[in-house]
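What follows is one structure encoded as C-alpha coordinates, with my remarks underneath.
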Amino acid sequence: MTDGTPHFNIHAFRNALVEWFRREGRDYPWRRTTDPWHILVSELMLQQTTIPTVLGRYDRWMRQFPTPAHLAAVDEQTALRSWEGLGYYRRVRSLQAIAREIVNEFGGRFPDNAEGLKRLPGIGPYTSGALLSFAFNKAAPIVDANVARVLARIDNYSVPVDSTEGQKYLWSRAESLVDPEHAREFNSAIMELGQTCCSISSPDCLLCPVRPFCSAERPETLPVKNPKPQVTRVEHHDILYIRGKSVLLAKCPEGKRHAGMYRFPQREDEHTLSLPHVLKQTYSITRYRVTRYIHHVTDTPLLREGEEFVPLDKIHGLPMASPDRKALNSPTLGKLLDHIR
DNA sequence: AATTCGGGGCC
DNA sequence: GGCCCAGAATT
(Lines give C-alpha, C1' and ligand atoms only; values in the text may rest on other atoms or scores of the structure.)
Protein backbone atom coordinates (compact mmCIF):
# COMPACT_ATOMS: atom_id res chain seq x y z
CA MET A 1 0.00 0.00 0.00
CA THR A 2 1.39 3.40 -0.95
CA ASP A 3 0.05 6.90 -0.71
CA GLY A 4 -1.36 6.42 -4.19
CA THR A 5 -3.96 3.98 -2.92
CA PRO A 6 -7.25 5.08 -1.43
CA HIS A 7 -6.37 3.34 1.86
CA PHE A 8 -3.34 5.49 2.56
CA ASN A 9 -4.42 8.85 3.90
CA ILE A 10 -1.19 10.75 4.37
CA HIS A 11 -2.73 13.19 6.82
CA ALA A 12 -4.05 10.37 8.95
CA PHE A 13 -0.66 8.68 8.79
CA ARG A 14 1.21 11.79 9.94
CA ASN A 15 -1.28 12.45 12.72
CA ALA A 16 -1.19 8.89 14.01
CA LEU A 17 2.61 8.89 14.08
CA VAL A 18 3.03 12.33 15.65
CA GLU A 19 0.35 11.75 18.28
CA TRP A 20 1.92 8.43 19.22
CA PHE A 21 5.28 10.19 19.59
CA ARG A 22 3.78 12.87 21.82
CA ARG A 23 2.50 10.13 24.10
CA GLU A 24 5.29 7.57 23.93
CA GLY A 25 8.41 9.38 22.69
CA ARG A 26 11.41 8.99 24.94
CA ASP A 27 13.29 11.84 26.49
CA TYR A 28 16.83 12.33 25.21
CA PRO A 29 19.08 15.31 25.96
CA TRP A 30 19.15 16.21 22.26
CA ARG A 31 15.35 16.28 22.19
CA ARG A 32 15.31 18.99 24.84
CA THR A 33 17.04 21.53 22.63
CA THR A 34 16.73 23.19 19.25
CA ASP A 35 20.18 24.77 19.41
CA PRO A 36 21.90 23.70 16.16
CA TRP A 37 25.24 23.21 17.93
CA HIS A 38 23.71 20.80 20.41
CA ILE A 39 21.86 19.00 17.62
CA LEU A 40 24.99 18.80 15.49
CA VAL A 41 27.06 17.26 18.30
CA SER A 42 24.40 14.64 18.96
CA GLU A 43 24.06 13.75 15.28
CA LEU A 44 27.78 13.38 14.73
CA MET A 45 28.12 11.25 17.85
CA LEU A 46 25.18 9.11 16.76
CA GLN A 47 26.56 8.38 13.28
CA GLN A 48 26.97 4.60 13.36
CA THR A 49 26.95 4.72 17.15
CA THR A 50 24.20 3.49 19.45
CA ILE A 51 22.14 5.68 21.76
CA PRO A 52 23.34 4.02 25.00
CA THR A 53 26.95 4.71 24.06
CA VAL A 54 26.23 8.34 23.22
CA LEU A 55 24.11 8.90 26.33
CA GLY A 56 27.18 8.11 28.41
CA ARG A 57 29.21 10.79 26.66
CA TYR A 58 26.95 13.57 25.42
CA ASP A 59 26.38 15.63 28.56
CA ARG A 60 30.05 15.67 29.47
CA TRP A 61 30.97 16.82 25.97
CA MET A 62 28.38 19.60 26.02
CA ARG A 63 29.69 20.81 29.37
CA GLN A 64 33.22 20.87 28.00
CA PHE A 65 32.27 22.46 24.66
CA PRO A 66 29.00 24.35 25.22
CA THR A 67 29.43 26.44 22.06
CA PRO A 68 31.28 26.10 18.73
CA ALA A 69 33.73 28.70 20.02
CA HIS A 70 34.77 26.41 22.87
CA LEU A 71 35.69 23.57 20.51
CA ALA A 72 37.22 25.95 17.97
CA ALA A 73 39.59 27.23 20.64
CA VAL A 74 41.25 23.97 21.70
CA ASP A 75 43.91 22.05 19.81
CA GLU A 76 43.09 18.95 17.80
CA GLN A 77 44.72 16.68 20.35
CA THR A 78 42.36 17.88 23.06
CA ALA A 79 39.36 17.34 20.81
CA LEU A 80 40.51 13.81 19.95
CA ARG A 81 41.12 13.03 23.61
CA SER A 82 37.58 14.12 24.49
CA TRP A 83 36.17 11.95 21.69
CA GLU A 84 38.21 8.94 22.80
CA GLY A 85 36.23 5.70 22.90
CA LEU A 86 33.55 6.87 20.46
CA GLY A 87 35.50 5.75 17.38
CA TYR A 88 35.30 7.04 13.81
CA TYR A 89 37.64 9.85 14.82
CA ARG A 90 37.21 11.69 11.54
CA ARG A 91 33.88 12.81 13.02
CA VAL A 92 35.51 14.94 15.68
CA ARG A 93 37.92 16.45 13.18
CA SER A 94 34.93 17.38 11.06
CA LEU A 95 33.13 18.75 14.10
CA GLN A 96 36.05 20.97 15.01
CA ALA A 97 36.43 22.14 11.39
CA ILE A 98 32.74 23.04 11.38
CA ALA A 99 33.03 24.83 14.71
CA ARG A 100 35.90 26.92 13.40
CA GLU A 101 34.04 27.76 10.20
CA ILE A 102 30.91 28.73 12.12
CA VAL A 103 32.91 31.00 14.41
CA ASN A 104 35.33 32.49 11.89
CA GLU A 105 33.28 32.65 8.70
CA PHE A 106 29.63 32.68 9.69
CA GLY A 107 29.69 34.89 12.79
CA GLY A 108 28.58 32.03 15.02
CA ARG A 109 25.44 31.24 13.00
CA PHE A 110 24.60 27.94 11.31
CA PRO A 111 23.36 27.72 7.71
CA ASP A 112 19.64 26.90 7.69
CA ASN A 113 19.48 25.36 4.23
CA ALA A 114 20.62 22.04 2.80
CA GLU A 115 23.11 23.49 0.32
CA GLY A 116 24.96 25.40 3.03
CA LEU A 117 24.94 22.53 5.50
CA LYS A 118 26.13 19.87 3.07
CA ARG A 119 29.16 21.97 2.21
CA LEU A 120 30.39 21.47 5.78
CA PRO A 121 32.70 18.49 6.41
CA GLY A 122 31.04 15.43 7.92
CA ILE A 123 27.53 16.63 7.03
CA GLY A 124 25.83 14.51 4.37
CA PRO A 125 22.19 14.03 3.42
CA TYR A 126 21.11 12.53 6.74
CA THR A 127 22.82 15.00 9.09
CA SER A 128 21.70 17.91 6.92
CA GLY A 129 18.09 16.74 7.19
CA ALA A 130 18.46 16.16 10.91
CA LEU A 131 19.72 19.70 11.50
CA LEU A 132 17.05 21.24 9.29
CA SER A 133 14.21 19.40 11.00
CA PHE A 134 15.41 19.08 14.61
CA ALA A 135 17.01 22.51 14.92
CA PHE A 136 15.00 24.61 12.45
CA ASN A 137 11.77 22.59 12.23
CA LYS A 138 11.98 22.59 8.44
CA ALA A 139 10.32 19.85 6.40
CA ALA A 140 13.52 18.09 5.30
CA PRO A 141 13.54 14.30 4.86
CA ILE A 142 15.84 12.02 6.81
CA VAL A 143 16.70 8.38 6.15
CA ASP A 144 18.76 6.46 8.66
CA ALA A 145 18.67 2.76 9.52
CA ASN A 146 15.49 3.26 11.57
CA VAL A 147 13.62 5.16 8.87
CA ALA A 148 14.80 2.70 6.22
CA ARG A 149 13.40 -0.19 8.24
CA VAL A 150 10.05 1.52 8.89
CA LEU A 151 9.57 2.61 5.28
CA ALA A 152 10.63 -0.74 3.81
CA ARG A 153 8.03 -2.43 5.97
CA ILE A 154 5.26 0.08 5.37
CA ASP A 155 5.71 -0.32 1.62
CA ASN A 156 6.65 -4.02 1.79
CA TYR A 157 9.73 -2.95 -0.16
CA SER A 158 12.26 -5.70 -0.80
CA VAL A 159 14.98 -3.95 -2.83
CA PRO A 160 18.17 -3.77 -0.69
CA VAL A 161 17.92 -0.52 1.28
CA ASP A 162 21.68 0.04 0.99
CA SER A 163 21.63 -0.15 -2.82
CA THR A 164 21.56 2.96 -4.98
CA GLU A 165 18.03 2.16 -6.12
CA GLY A 166 16.89 1.49 -2.55
CA GLN A 167 18.37 4.74 -1.25
CA LYS A 168 16.79 6.74 -4.05
CA TYR A 169 13.41 5.20 -3.29
CA LEU A 170 13.63 5.75 0.46
CA TRP A 171 14.72 9.37 0.24
CA SER A 172 11.95 10.14 -2.18
CA ARG A 173 9.46 8.38 0.09
CA ALA A 174 10.71 10.18 3.21
CA GLU A 175 10.42 13.49 1.41
CA SER A 176 6.82 12.88 0.46
CA LEU A 177 5.86 11.74 3.95
CA VAL A 178 7.50 14.31 6.24
CA ASP A 179 4.89 16.49 7.89
CA PRO A 180 5.43 20.10 6.79
CA GLU A 181 3.57 21.37 9.86
CA HIS A 182 5.45 19.24 12.40
CA ALA A 183 8.76 18.32 10.81
CA ARG A 184 10.70 18.02 14.05
CA GLU A 185 8.18 15.75 15.73
CA PHE A 186 7.50 13.72 12.60
CA ASN A 187 11.16 12.88 12.00
CA SER A 188 11.70 12.12 15.67
CA ALA A 189 8.62 9.93 15.61
CA ILE A 190 9.55 7.80 12.63
CA MET A 191 13.00 7.15 14.09
CA GLU A 192 11.51 6.36 17.48
CA LEU A 193 9.14 3.90 15.85
CA GLY A 194 12.09 2.10 14.29
CA GLN A 195 13.73 1.78 17.68
CA THR A 196 10.68 0.50 19.52
CA CYS A 197 7.63 -1.14 17.85
CA CYS A 198 9.34 -1.55 14.49
CA SER A 199 12.52 -3.11 15.87
CA ILE A 200 14.77 -5.35 13.81
CA SER A 201 14.08 -8.90 14.88
CA SER A 202 10.80 -8.77 16.78
CA PRO A 203 8.48 -6.04 15.53
CA ASP A 204 5.56 -5.48 17.86
CA CYS A 205 2.84 -4.72 15.35
CA LEU A 206 0.09 -4.94 17.97
CA LEU A 207 1.39 -1.74 19.53
CA CYS A 208 2.13 0.04 16.27
CA PRO A 209 0.36 3.38 15.76
CA VAL A 210 0.56 3.12 11.97
CA ARG A 211 -0.32 -0.53 11.51
CA PRO A 212 -3.36 0.32 9.35
CA PHE A 213 -0.98 1.98 6.92
CA CYS A 214 1.53 -0.89 6.76
CA SER A 215 1.80 -3.38 3.91
CA ALA A 216 4.45 -5.67 5.38
CA GLU A 217 3.57 -9.33 5.07
CA ARG A 218 6.54 -10.62 7.06
CA PRO A 219 7.99 -7.50 8.71
CA GLU A 220 10.81 -9.41 10.40
CA THR A 221 12.26 -10.19 6.96
CA LEU A 222 12.53 -6.50 6.04
CA PRO A 223 14.52 -4.52 5.24
CA VAL A 224 16.71 -6.49 2.83
CA LYS A 225 20.38 -5.51 2.89
CA ASN A 226 23.40 -6.31 0.76
CA PRO A 227 25.79 -8.88 2.20
CA LYS A 228 28.53 -7.59 4.51
CA PRO A 229 32.20 -7.83 3.54
CA GLN A 230 34.02 -10.83 4.89
CA VAL A 231 35.91 -10.52 8.16
CA THR A 232 39.70 -10.72 7.82
CA ARG A 233 41.78 -12.04 10.68
CA VAL A 234 45.03 -10.21 11.32
CA GLU A 235 47.83 -10.43 13.88
CA HIS A 236 49.64 -7.38 15.23
CA HIS A 237 52.84 -7.28 17.23
CA ASP A 238 53.60 -4.14 19.22
CA ILE A 239 56.19 -3.28 21.82
CA LEU A 240 56.31 -1.83 25.30
CA TYR A 241 59.61 -0.08 25.76
CA ILE A 242 60.31 1.86 28.93
CA ARG A 243 63.13 4.36 29.30
CA GLY A 244 63.43 6.18 32.59
CA LYS A 245 59.98 7.48 33.41
CA SER A 246 58.86 7.44 29.77
CA VAL A 247 57.21 5.00 27.39
CA LEU A 248 57.89 4.82 23.68
CA LEU A 249 54.73 5.65 21.72
CA ALA A 250 53.98 6.30 18.05
CA LYS A 251 51.77 9.05 16.70
CA CYS A 252 49.53 7.71 13.93
CA PRO A 253 50.17 9.55 10.64
CA GLU A 254 47.70 11.91 8.99
CA GLY A 255 45.33 10.44 6.47
CA LYS A 256 45.40 6.97 7.99
CA ARG A 257 43.47 5.13 10.64
CA HIS A 258 43.58 6.80 14.07
CA ALA A 259 45.32 9.84 12.58
CA GLY A 260 46.80 12.03 15.31
CA MET A 261 46.29 9.43 18.05
CA TYR A 262 48.98 7.60 19.98
CA ARG A 263 49.63 3.87 20.06
CA PHE A 264 52.23 1.32 21.05
CA PRO A 265 54.90 1.10 18.31
CA GLN A 266 54.61 -1.77 15.88
CA ARG A 267 57.47 -4.19 15.34
CA GLU A 268 57.14 -7.29 13.19
CA ASP A 269 60.81 -8.30 13.03
CA GLU A 270 61.86 -11.83 13.99
CA HIS A 271 63.67 -10.74 17.11
CA THR A 272 60.61 -8.97 18.53
CA LEU A 273 58.33 -11.86 17.64
CA SER A 274 60.66 -14.23 19.46
CA LEU A 275 60.21 -12.32 22.71
CA PRO A 276 57.40 -13.53 24.97
CA HIS A 277 54.41 -11.21 25.03
CA VAL A 278 53.23 -9.52 28.21
CA LEU A 279 49.72 -8.94 26.91
CA LYS A 280 47.43 -10.56 24.35
CA GLN A 281 44.27 -8.81 23.16
CA THR A 282 41.59 -9.71 20.66
CA TYR A 283 39.27 -7.06 19.31
CA SER A 284 37.38 -6.10 16.18
CA ILE A 285 38.01 -2.99 14.14
CA THR A 286 35.78 -2.41 11.11
CA ARG A 287 36.11 -5.58 9.03
CA TYR A 288 39.18 -6.89 10.82
CA ARG A 289 39.41 -9.35 13.67
CA VAL A 290 42.66 -8.49 15.38
CA THR A 291 44.83 -10.59 17.64
CA ARG A 292 47.36 -8.28 19.16
CA TYR A 293 50.47 -9.10 21.16
CA ILE A 294 52.47 -6.60 23.16
CA HIS A 295 56.07 -7.60 23.70
CA HIS A 296 58.15 -6.14 26.51
CA VAL A 297 61.37 -4.94 24.92
CA THR A 298 64.44 -4.19 27.06
CA ASP A 299 67.04 -3.58 24.34
CA THR A 300 66.87 -0.08 22.85
CA PRO A 301 64.84 -0.29 19.64
CA LEU A 302 65.66 1.74 16.55
CA LEU A 303 63.26 4.68 16.56
CA ARG A 304 61.01 5.17 13.56
CA GLU A 305 59.16 8.14 12.07
CA GLY A 306 56.54 9.49 14.47
CA GLU A 307 57.82 7.64 17.52
CA GLU A 308 58.60 9.54 20.70
CA PHE A 309 59.17 8.99 24.40
CA VAL A 310 56.23 10.16 26.49
CA PRO A 311 56.50 10.63 30.26
CA LEU A 312 54.01 8.39 32.02
CA ASP A 313 52.14 11.30 33.58
CA LYS A 314 51.57 12.84 30.13
CA ILE A 315 50.06 9.75 28.55
CA HIS A 316 46.73 10.25 30.27
CA GLY A 317 46.17 13.46 28.33
CA LEU A 318 47.00 12.01 24.91
CA PRO A 319 44.37 10.56 22.61
CA MET A 320 44.61 6.78 22.23
CA ALA A 321 42.34 4.25 20.56
CA SER A 322 40.39 2.03 22.92
CA PRO A 323 42.52 -1.12 22.65
CA ASP A 324 45.66 0.87 23.44
CA ARG A 325 44.05 2.65 26.37
CA LYS A 326 42.80 -0.67 27.70
CA ALA A 327 46.23 -2.21 27.31
CA LEU A 328 47.77 0.70 29.18
CA ASN A 329 45.25 0.36 32.00
CA SER A 330 45.51 -3.44 32.17
CA PRO A 331 46.84 -4.96 35.40
CA THR A 332 49.73 -6.58 33.53
CA LEU A 333 51.10 -3.39 32.04
CA GLY A 334 50.12 -1.48 35.14
CA LYS A 335 52.45 -3.66 37.17
CA LEU A 336 55.35 -2.99 34.83
CA LEU A 337 54.64 0.73 34.77
CA ASP A 338 54.31 0.97 38.54
CA HIS A 339 58.10 0.72 38.75
CA ILE A 340 58.54 4.05 36.96
CA ARG A 341 55.72 5.88 38.63
C1' DA B 1 29.59 0.55 -6.55
C1' DA B 2 32.77 -0.76 -3.09
C1' DT B 3 35.69 0.33 0.61
C1' DT B 4 37.26 2.78 4.59
C1' DC B 5 36.63 4.37 9.07
C1' DG B 6 35.55 2.18 15.86
C1' DG B 7 33.64 0.66 19.21
C1' DG B 8 30.22 -0.77 22.50
C1' DG B 9 26.01 -3.22 23.44
C1' DC B 10 23.29 -7.05 22.72
C1' DC B 11 22.14 -11.84 21.75
C1' DG C 1 31.50 -15.15 18.66
C1' DG C 2 28.36 -12.41 15.11
C1' DC C 3 25.31 -8.61 14.34
C1' DC C 4 23.86 -3.93 14.57
C1' DC C 5 24.12 1.03 14.55
C1' DA C 6 20.74 8.90 14.37
C1' DG C 7 26.64 7.92 7.78
C1' DA C 8 30.12 10.37 5.22
C1' DA C 9 34.11 10.49 2.43
C1' DT C 10 37.08 8.34 -0.59
C1' DT C 11 38.42 5.35 -4.30
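In what follows, every chain begins at residue 1, and chains take the letters A, B, ... in the order their sequences are listed.
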Looking at every strand, decide which applies to [X] at a 4.0 Å heavy-atom threshold: base, sugar-phosphate, or nothing.
| X | value |
| --- | --- |
| A:T127 | sugar-phosphate |
| A:A130 | nothing |
| A:R149 | sugar-phosphate |
| A:L44 | nothing |

ask   = So what's the dot-bracket for DNA chain C: Watson-Crick or G-U pairs under 3.5 Å, [ ] if a pair crosses, | if it pairs off-strand?
value = |||||.|||||
query = Mind checking whether A:Y293 and A:H277 have ring centres under 6.0 Å apart?
reply =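 Between A:Y293 and A:H277, the centre distance is under 6.0 Å.
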ask   = Is the number of heavy atoms from other residues, nucleotides or ligands within 6.0 Å of CZ (A:R23) greater than 12?
value =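 Check passes, neighbour count above 12.
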inquiry  = Donor-acceptor pair, distance only, cut-off 3.5 Å: does the side chain of A:S330 make one with the backbone of A:A327?
reply    =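 A pair under 3.5 Å: yes.
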ask   = Can you give one letter per nucleotide of nucleotides 3-11 of chain B, going 5' to 3': B for a protein heavy atom under 4.0 Å from the base, S for sugar-phosphate only, - for none?
value = -SBBBBS--
inquiry  = Does this structure show an ion pair linking A:D324 with A:R292, if we count only N-O contacts that are shorter than 4.0 Å?
reply    =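 A salt bridge links A:D324 with A:R292.
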key: Ion pair A:R267/A:D238, N-O distance below 4.0 Å   =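 Looking at A:D238 together with A:R267, the answer is no, because their closest N to O distance does not fall below 4.0 Å.
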Any A:K118 side-chain N or O less than 4.0 Å from OP1/OP2 of C:dA9 =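 No.
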request  = Could you check which of C:dC4, C:dA6, C:dG2 has an atom nearest any side-chain atom of A:R233?
outcome  =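 The answer is C:dG2.
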task = Assign each of A:G122 and A:D144 to its nearest nucleotide of DNA chain C by heavy atoms, then name whichever residue's nucleotide is nearer the 5' end.
result =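 Mapping each residue to its closest nucleotide by heavy atoms, the 5'-most match is A:D144.
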